[in-house]
Amino acid sequence: MGGPVPGAPAHHREHGFANANPDFTRPPFWTRTSFFVRRMWAATFAPRGMDLPRVANDGAALRANQSEPTVTWIGHATLLIQLAGVNLLTDPQWSERASPLSFAGPRRVTPPGLRFEDLPPIHAVLVSHDHYDHLDLATVTRLARAHRPTFFVPLGLRPWFEALGIREVVELDWWQSAPLGALAVTAVPAQHSSGRSLLLADQNERLWTSWVVVTPDRRVFFAGDTGYHAGFAEIGRRLGPFDLAALPIGGYSDFRHHHPNHLSPEEAVQAFEDLQGRLLVPMHWGTFELNREPFREPPDRLMAEALRHGLEERVAPLSPGQSIRW
């Protein structure tokens, strides 16, 4: 990764990027490698089952919608957000595994809440980072063929798309913005990591990000994948309040107290308050054989924490396929 780059933003490094939090400690190489191997082994040879109720959705209402703001949970970090006549997908993943291998690795335990064929025309895709559960080769190439959307990506990811022949790519650094019709799309800080190599050779060579989408009367925050960090409050001050905040709530159990790269349900509530959010849509749970915690634990803990904060009516835990207006 190398040292800081003189004159560049603080998160830039000579050969990649770093988290903004000066107290962030990256787990040792052996910890990261052994975790990866254990999860690949368990997900392949000892997978758990899951029976998450889904809401039947043939996409007809979504395809007919021209103006109402809606959000639909497809699964994991994949959301369909309709806003000001624009249809956006976040971290699209329709594959059976979140893995570089078709025959091994974390498999899908809950089918997508909406068939790919039932999508409305997709105008834009927000990609938070390059991990396989958030950036899926098969889904991205299919979207490019069928919909020709504009892909919004963090720094360092444009070459990956261009190698696939995808040219409609907008690459942004933290706090940079770009227009999308009547919308403004802004990349904002997240606390996470990147890398797609099985040997971890490309760790943090590409940036990771959260996204903010703004229209004259609506504001959306999509966290992507992140641990809790002080930047949530700054994002809330600079770009909030947010009518909709999509926050991850799963994948926290590998650390006893605080996972540096994933939010616990309790931290998601704190982040929601920091962001000055009005409606919290939880995600990043119950979809892939990725995490150690019981599948139903994240939403249960989230609602218990929301109740303690008096926010239970502002949390919308969706079922796969469920669409709501906001």
Side-chain angles (χ1 to χ4, degrees), residues 36 39-40 43-44 47 50 52 72-81 87-119 122-154 156-171 190 192-198 200 202-203 205-211 222-226 246 248 250-251 261-262 283-291 320-321:
F36 178 80
R39 295 313 302 143
M40 289 284 285
T44 303
M50 174 69 172
L52 187 64
T72 304
W73 189 38
I74 310 298
H76 202 54
T78 307
L79 300 164
L80 169 63
I81 299 173
N87 299 321
L88 302 113
L89 279 177
T90 64
D91 287 352
Q93 233 292 10
W94 263 264
S95 290
E96 285 303 307
R97 291 189 186 272
S99 169
L101 306 174
S102 62
F103 57 88
R107 68 178 183 89
R108 183 180 287 273
V109 296
T110 302
L114 186 69
R115 294 194 318 154
F116 188 94
E117 296 83 358
D118 292 332
L119 285 168
I122 299 303
H123 304 113
V125 175
L126 307 180
V127 176
S128 65
H129 65 299
D130 67 3
H131 287 163
Y132 287 90
D133 54 324
H134 295 257
L135 180 61
D136 179 62
L137 174 62
T139 303
V140 163
T141 53
R142 191 177 181 188
L143 276 169
R145 288 194 307 268
H147 294 269
R148 301 185 64 85
T150 299
F151 290 87
F152 288 82
V153 305
L157 257 180
R158 183 198 297 272
W160 187 89
F161 282 84
E162 291 183 341
L164 300 173
I166 300 173
R167 300 285 184 255
E168 296 298 319
V169 179
V170 176
E171 189 182 69
H192 202 60
S193 64
S194 68
R196 292 175 71 83
S197 167
L198 284 172
L200 307 179
D202 62 344
Q203 287 292 288
E205 289 183 358
R206 308 178 184 102
L207 187 59
W208 47 96
T209 195
S210 298
W211 292 103
F222 169 68
D225 214 352
T226 182
N261 284 357
H262 289 155
M283 58 171 188
H284 200 275
W285 70 279
T287 306
F288 287 103
E289 175 61 80
L290 272 169
N291 308 320

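Below, all heavy atoms of this structure are taken into account, side chains as well, without hydrogens, waters or symmetry copies. All of these numbers come straight from a predicted model, not from anything done at the bench.
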Asks: About how many Å separate CD of Gln93 and CG of Leu135, when rounded to the nearest 0.5 Å?
Replies: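 Rounded to the nearest 0.5 Å, the CG-CD separation comes to 9.0 Å.
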Asks: Tell me whether Arg167 at atom CZ has more than 12 heavy atoms from other residues, nucleotides or ligands lying less than 6.0 Å away.
Replies: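 Atom CZ in Arg167 is packed in, count exceeds 12.
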Asks: Aromatic rings Phe152 and Trp211: how do their planes relate, parallel, tilted or perpendicular, breaks at 30° and 60°?
Replies: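 Geometry flag for Trp211 against Phe152: perpendicular rings.
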Asks: Considering all heavy atoms of both residues, which atom of Pro320 and which atom of Pro111 are nearest to each other, and what is their separation?
Replies: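 Shortest heavy-atom separation between Pro320 and Pro111 comes out as CB-O, 4.4 Å.
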Asks: Holding to side-chain contact (heavy atoms from CB on, under 4.5 Å), I want the full list of residues that pass it with Glu168, two or more places apart in sequence or in another chain.
Replies: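 side-chain contact (heavy atoms from CB on, under 4.5 Å) check on Glu168 returns Thr150.
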Asks: Might you work through the side chain to side chain contact (heavy atoms under 4.5 Å, CB included) test for Leu119 and Leu89, ending with a clear yes or no?
Replies: CA-CA 10 Å; Leu119 285 168; Leu89 279 177; 4.2 Å; yes
Asks: In terms of relative ring orientation, are His262 and His284 parallel, tilted or perpendicular, with 30° and 60° separating the classes?
Replies: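 His262 and His284: tilted rings.
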Asks: Is there a donor-acceptor pair closer than 3.5 Å between any side-chain N or O of Glu171 and the backbone N or O of Gly156?
Replies: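 Between the backbone of Gly156 and the side chain of Glu171 there is a qualifying donor-acceptor contact (under 3.5 Å).
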Asks: With the side chain counted from C-beta on, respond yes when Pro92 and Leu143 share a heavy-atom pair under 4.5 Å apart, and no when they do not.
Replies: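 Side-chain contact under 4.5 Å: yes.
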Asks: Please list, chain by chain and in numerical order, all residues satisfying side chain to side chain donor-acceptor pair (under 3.5 Å) with His123, sequence neighbours excluded.
Replies: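 Expected list: none.
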Asks: Using modelled atom types only, decide if a donor and an acceptor are shared between the side chain of Trp208 and the backbone of Ala190 within a distance under 3.5 Å.
Replies: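 Judged by distance alone, yes, a pair lies under 3.5 Å.
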Asks: Can any side-chain N or O of Thr110 pair as donor or acceptor with the backbone N or O of Gly286 at less than 3.5 Å?
Replies: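 Present.
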Asks: How far does CG of Asp118 sit from CG of Leu80, to the nearest 0.5 angstrom?
Replies: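 Rounded to the nearest 0.5 Å, the CG-CG separation comes out at 11.5 Å.
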Asks: Can you list every salt bridge (Lys or Arg N to Asp or Glu O under 4.0 Å) pair that touches residues 128-147, not counting sequence neighbours?
Replies: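 Sorted pair list: Glu117-Arg142, Asp130-Arg206.
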Asks: My understanding is that only residues two or more places apart in sequence, or in another chain, count here; which of them pass side-chain contact (heavy atoms from CB on, under 4.5 Å) with Thr90?
Replies: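 In terms of side-chain contact (heavy atoms from CB on, under 4.5 Å), with neighbours along the sequence ignored, Thr90 is linked to Leu79, Ile81, Leu126, Phe222.
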Asks: Taking atom OG of Ser194 and atom CG of Asp202, what is their separation to the nearest 0.5 Å?
Replies: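 Output value for this atom pair is 7.0 Å.
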Asks: Go through it in stages, so that I can follow the logic: the residues are His131 and Asp225, the test is side chain to side chain donor-acceptor pair (under 3.5 Å), and I'd like the CA-CA distance, side-chain angles, deciding distance and then a yes or no.
Replies: CA-CA 10 Å; His131 287 163; Asp225 214 352; 5.0 Å; no
Asks: Going by side-chain contact (heavy atoms from CB on, under 4.5 Å), name the residues that satisfy it together with Ala223, two or more places apart in sequence or in a different chain.
Replies: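 Once residues adjacent in sequence are excluded, the partners of Ala223 under the side-chain contact (heavy atoms from CB on, under 4.5 Å) criterion are Ser210, Phe221, Thr226, Leu247, Pro248, Met283.
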Asks: Do Ser193 and His129 have side chains that get closer than 4.5 Å, going by heavy atoms?
Replies: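 Answer no - side chains too far apart.
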Asks: For the atom pair CZ (Arg148) and CD1 (Ile122), what is the distance rounded to the nearest 0.5 Å?
Replies: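 Going from CZ on Arg148 over to CD1 on Ile122, the span is 15.0 Å.
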Asks: Are Val109 and Leu52 close enough that some pair of their side-chain heavy atoms sits under 4.5 Å apart?
Replies: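 No - every pair of side-chain heavy atoms lies 4.5 Å or more apart.
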Asks: Without swapping roles, check the side chain of Trp73 against the backbone of His76 for a donor-acceptor pair under 3.5 Å.
Replies: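 Confirmed, Trp73 side chain pairs with His76 backbone.
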Asks: Under 6.0 Å from the ring centre and within 45 degrees of the ring axis: does the NZ or CZ of Arg196 meet both conditions for the six-membered ring of Tyr132?
Replies: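 Positive - Arg196 is close enough to the ring of Tyr132 and near enough to its axis.
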Asks: Within the structure provided, determine whether Val140 and Val127 are in side-chain contact (heavy-atom separation under 4.5 Å).
Replies: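 When only atoms from C-beta onward are counted, Val127 and Val140 do not touch, as no gap falls below 4.5 Å.
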Asks: On a heavy-atom basis, which atom in Ser99 and which in Ala104 lie closest, and how many Å separate them?
Replies: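 Heavy atoms of Ser99 and Ala104 come nearest at OG-O, 2.7 Å.
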Asks: Looking at CZ of Arg108 and CG of Leu290, how far apart are the two atoms once the value is rounded to the nearest 0.5 Å?
Replies: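 Going from the CZ atom of Arg108 to the CG atom of Leu290 covers 10.5 Å.
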Asks: Apply side chain to side chain donor-acceptor pair (under 3.5 Å) to Ser128 and list each qualifying residue two or more places apart in sequence or on a separate chain.
Replies: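 Partners of Ser128 under the side chain to side chain donor-acceptor pair (under 3.5 Å) test: Asp91.
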Asks: Find the distance between CH2 (Trp94) and CD1 (Ile74) and round it off to the nearest 0.5 Å.
Replies: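 So the gap between those two atoms works out to 4.5 Å.
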Asks: What orientation do Phe161 and Phe151 show, parallel under 30°, tilted 30 to 60°, or perpendicular over 60°?
Replies: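 Plane angle between 30° and 60°, so tilted.
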